[in-house]
Amino acid sequence: MDILFVNADESRRKEMRDFSLTMRKNPVFANSRAEVIKCLSSGRIEQAVIHLRDITDLGILGYINRSYPKVRVIITADQVTEDTISIIRTGDYDLLSEPFHLNDLKKMI
């Protein structure tokens, strides 16, 4: 199965790709809502790691929660805000603050 990385920092993509492969997961990267929808429609996404850049990214969380409830979501954020916490409380998400260590991500996956 695949791990979807949404809004992943370009400078960390190689690291995330290598990490995913060590866990026998295929990494998939998306930077827009359209790309996320396309990736999810493949039916291969098991987990999604979403970096919240701004309030508009919360729509992606809602979409996954409604349309793909079996996809496990991990949220990363530069700064935890009240909006982020509110969304997390309404769904089954895990929060990982940026910068994060891949060992912390591994524990969540």
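Every value quoted in this text rests on a predicted model; they were computed, and no experiment measured them.
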Starting from the C-alpha separation in whole Å, work towards a yes-or-no answer on salt bridge (Lys or Arg N to Asp or Glu O under 4.0 Å) for E10 and R13. CA-CA 5 Å; E10 288 287 333; R13 283 190 178 200; 3.6 Å; yes
Separation of S42 OG from N26 CG (nearest 0.5 Å): 9.5 Å
So ring pair (Phe, Tyr, Trp, His ring centres under 6.0 Å) across residues 20-43, not counting sequence neighbours, yields F5-F29
Give me the atom names and distance for the closest heavy-atom approach of K14 to D18. NZ-OD2, 2.7 Å
Determine whether V36 and N31 make a side-chain contact, defined as any pair of heavy atoms from C-beta on separated by less than 4.5 Å. no
Kindly indicate whether the side chain of K25, heavy atoms from C-beta on, has any atom under 4.5 Å from the side chain of Q47. yes
Taking the side chain as everything from C-beta on, heavy atoms only, tell me whether I75 gets closer than 4.5 Å to L96. no
Considering all heavy atoms of both residues, which atom of C39 and which atom of I45 are nearest to each other, and what is their separation? O-CG1, 3.5 Å
Just list the side-chain donor-acceptor pairs under 3.5 Å for residues 100-109, sequence neighbours left out, or say none.
none

So CG of D2 and CD of E46: to nearest 0.5 Å the spacing works out to 9.0 Å
Are L21 and V28 in one and the same hydrophobic cluster, where Ile, Leu, Val, Met, Phe, Trp and Tyr link if side-chain heavy atoms are under 4.5 Å apart? no
Taking the side chain as C-beta and beyond, is there a heavy-atom pair between V6 and V49 under 4.5 Å? no
Over all heavy atoms of both residues, which pair between L4 and A30 is shortest? Give the atoms and the distance, please. CD1-CB, 3.9 Å
Can you tell me how far apart CD (E15) and CG (D9) are? Round to the nearest 0.5 Å. 10.0 Å
Pair K38 + E35, salt bridge at N-O below 4.0 Å: no
Check: L61 and I50 side chains under 4.5 Å, non-hydrogen atoms: yes
Apply the test side-chain contact (heavy atoms from CB on, under 4.5 Å) to residues T76 and L52: give CA-CA distance (whole Å), side-chain angles for both, the deciding distance (0.1 Å), then the verdict. CA-CA 6 Å; T76 68; L52 293 182; over 6 Å; no
Do M23 and M1 sit in one hydrophobic cluster, given that two such residues count as connected whenever their side-chain heavy atoms are within less than 4.5 Å of each other, even indirectly? no
Are M16 and P27 side-chain neighbours, meaning at least one heavy-atom pair lies under 4.5 Å? no
